[in-house]
There are 2 protein chains.
Amino acid sequence: MATISEVAERAGVSVKTVSRVMNNYEHISAKTRKKVRLAMDELSYAPSSIARQMRLGDPQSIGMLYGDPGSGYQARLNHAVLKACSDARRYLAVELFEEHDPEWRRQVEAFLDRTKVQNLILVPPMCDSTELHKLLQERGVRTVLISPSRQISGSSSIAMDDRLAAMEMTKYIIGLGHKRIGHIVGHPGHVAALLRRQGFEEALVNAGLEVRQDFVVGAGSFFFKDALACAEKMLTAENRPTAIFASNDEMAAAVIMVANRLGISVPEELSVAGFDNTSISQTMWPELTTVAQPFEAIAREAVRLVSDDVKRDLTVSATRVLPHEILYRGSTGPAPKE
Amino acid sequence: MATISEVAERAGVSVKTVSRVMNNYEHISAKTRKKVRLAMDELSYAPSSIARQMRLGDPQSIGMLYGDPGSGYQARLNHAVLKACSDARRYLAVELFEEHDPEWRRQVEAFLDRTKVQNLILVPPMCDSTELHKLLQERGVRTVLISPSRQISGSSSIAMDDRLAAMEMTKYIIGLGHKRIGHIVGHPGHVAALLRRQGFEEALVNAGLEVRQDFVVGAGSFFFKDALACAEKMLTAENRPTAIFASNDEMAAAVIMVANRLGISVPEELSVAGFDNTSISQTMWPELTTVAQPFEAIAREAVRLVSDDVKRDLTVSATRVLPHEILYRGSTGPAPKE
DNA sequence: GAGTGCAGTGACAGCGCTGTCAAGATAAAG
DNA sequence: CTTTATCTTGACAGCGCTGTCACTGCACTC
């Protein structure tokens, strides 16, 4: 409601000075600053990001390319970014991005033109498109990548430590007494899937357990449907595993499904663990033990990174790794007695 | 890239005239109009919605309050609205809305102030908040409701015919030869759940089948977890149903889960149908027969409704009902022989 | 006491667009 | 051939904000 000039009038200063206070300009006397702050509070003034953006490319504006939230992961992430912006009182311009659309280039350009966004948050899979990065670089748009498969020079990125988390999860399962543990591998094109597998195998090796190759299976995707066959293969094998750690929640849910069908009870006869803490993990019954991606923290950090403080002199691309958490829920339990 | 003044220059007219052409102003000579159009095309000009919004409340701008997309329904709907705006080249301002947040009022007001949005698309459950409507009315914001539980005077709304769809689905199941059909009721606070139940019962009655009250159960929610018990109750009953129609996909998935556990094969011994066509319906195996909400059409219509053409003289609130579709997939089949 | 430097502030313009008003052009009317 | 009504167009201002530049003090120097 309140406009900047009302604040200025109330504080008895010029409009420009109010602007300076807002943007933490250096050369402002403490007294003036306080006066302005007070006036702003009294009028509960919030700057209009619209007007800011108008000033040809407000460096404050944030954009996000929004993929199809078909997967729980996408949905959670999009939501988290939205929330982080909302909390930070930052305006988020959202644009749909359809990978397969041959028009995507035009779409993105139109988006940038319309919104004059200078900062873009890119989530998977958009963050791995070389073409997209080239376009953005040409246009001088700064990007922050969330869990990219590889570094892009000039972009900082934020991720969690998939390998470590997978290791911890596996260690936990081993700690429950399990000896025969299976893993369902995710999409091999995603680095995350590889890292999770690595962490899994590493934990087994560390514990002196054998890595049975017939217990590390994957169907080339992250999908429920494809995981069904993998789970079936493992669970009908001789000396079947007593625990299965899937590369994501959806596939873990498939394991539970198959176990149900085969009359194997979870967690009594089979422990199941997933990864991501997406909605399906609590939809299932028993609820899935899983790795909680720090979605909220990741999003908050992303917003922070595109903010003023962080100078863009980093030609070196920094990666920030955020801590995860393991959620112990009903789908895992002590290994059954032989 | 191109700005309005470039277009004006190229067309040899004033900036204002270009603006008039864009907005389909009446008194423009055909010749001028054509010239301007041509110049716009040549420069592939797209108006900056930012600048428009700046002109204090661009009536073109659309906003949306964005709920937690935890459920597949929410995610699909949000995505569809986003896509519709993108296709219509309309700028969508998105704001998170947390029902339980005591600060919601402030949040929404700040959002409206910041963005000057004049049109708001409201999806469930936001579209049913009396408080919210009061606030929006005070501020003169026009709203379009998607699948509201009840009419709000002054707002037009868009919905599908839940009752009819449920009837059709049930009729289809009956057509497959099923005689004992169960229904899992959704959240009784949602009108959709009630309508679906009505449609179900109506179809049974029409077919001369008995409505067994022990086969119409609900646990007061739309959740997977709660549906498990309902399914179990029905499936362990004597003379169990040979088909179960759940009020949404998530609960239908739960039915499949329970069936698996009980060694009842789907669809050979039990047909299962859901509602909504959310992602879980294709995540499941067999894939769920379900009612496809016309998400895309609903969203497109919503965008159309907030557009200029439709005058806001409708003090009467019109409801537009969009056609649904039934998706026949693997989870339903002919009734087993007795 | 005049010169230099910088902290602190404001006047002004302009981002891309549209509402207002008024002028010029044309058509209809007298 | 004027007068009036109507159509078509442009000049101008201003939405809320920030970059630029220029100005005022005051603290130092020599």
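Note on naming: letters A, B, ... go to the chains in the order of the sequence lines (proteins, then strands), and numbering restarts at 1 for each one. Values reported hereafter were calculated over all heavy atoms of this structure, with side chains retained and with hydrogens, waters and symmetry mates removed. Keep in mind the model is a prediction, meaning the values are calculated, not measured.
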Original post:
Separation of A:Lys35 atom NZ from C:dG8 atom C1', in whole Å?
Top reply: 11 Å

**OP:** Report yes if a donor N or O on one partner sits less than 3.5 Å from an acceptor N or O on the other, where the partners are the side chain of A:Arg20 and the base of C:dG10; otherwise report no.
**Re:** yes

Original post:
Could you give the distance from NZ (A:Lys134) to CG (A:Leu136), rounded to the nearest 0.5 Å?
Top reply: 12.0 Å

Original post:
Would you say D:dT8 has OP1 or OP2 under 4.0 Å from some side-chain N or O of B:Thr17?
Top reply: no

Original post:
What nucleotide among C:dT9, D:dG16, D:dT18 has an atom nearest to a side-chain atom of A:Ala51?
Top reply: D:dG16

**OP:** Calculate the interatomic distance between A:Met40 atom CE and D:dG16 atom P; express it in whole Å.
**Re:** 16 Å

Original post:
If you measure only the distance, is there a donor-acceptor pair under 3.5 Å linking the side chains of B:Arg20 and B:Ser14?
Top reply: no

Subject >> Integer-rounded Å distance: D:dG19 P and A:Glu26 CD >> reply: 13 Å

Original post:
A:Ile28 or B:Ser19: which one's nearest nucleotide on DNA chain C is closer to the 5' end?
Top reply: A:Ile28

Subject >> Between C1' of D:dG16 and CD of A:Glu6, the distance in whole Å >> reply: 11 Å

**OP:** Indicate whether OP1 or OP2 belonging to C:dG8 is found under 4.0 Å from a side-chain N or O atom of A:Thr32.
**Re:** no

Original post:
How is B:Val15 classified with respect to the nucleic acid when contacts are heavy atoms under 4.0 Å: base, sugar-phosphate, or nothing?
Top reply: base

**OP:** Drop me the distance from A:Thr3's OG1 to A:Leu43's CG, to the nearest 0.5 angstrom.
**Re:** 9.5 Å

**OP:** Whole angstrom is fine here: how far is it from OH in A:Tyr25 over to C1' in C:dG8?
**Re:** 11 Å

Original post:
Separation of A:Asn23 atom CG from D:dG16 atom C1', in whole Å?
Top reply: 13 Å

Original post:
With a 4.0 Å cut-off on heavy atoms, is B:Ser5 in touch with a base, just the backbone sugar-phosphate, or nothing at all?
Top reply: nothing

Subject >> Nearest-0.5 Å distance that lies between atom CD1 in B:Ile298 and atom CG in B:Leu305 >> reply: 11.5 Å

**OP:** Let me know the distance between CZ of B:Arg33 and C1' of D:dC7, rounded to the nearest Å.
**Re:** 13 Å

Original post:
Which part of the nucleic acid does B:Tyr45 contact within heavy-atom distance under 4.0 Å: base, sugar-phosphate only, or nothing?
Top reply: sugar-phosphate

**OP:** For the pair B:Glu109 and B:Arg106, find out whether any cationic side-chain nitrogen is under 4.0 Å from an anionic carboxylate oxygen.
**Re:** no

Subject >> Of the listed nucleotides C:dT9, D:dC7, C:dT18, the one nearest the side chain of B:Lys16 >> reply: C:dT18

Original post:
What is the distance from CD1 of A:Ile4 to C1' of D:dG14, rounded to the nearest Å?
Top reply: 15 Å

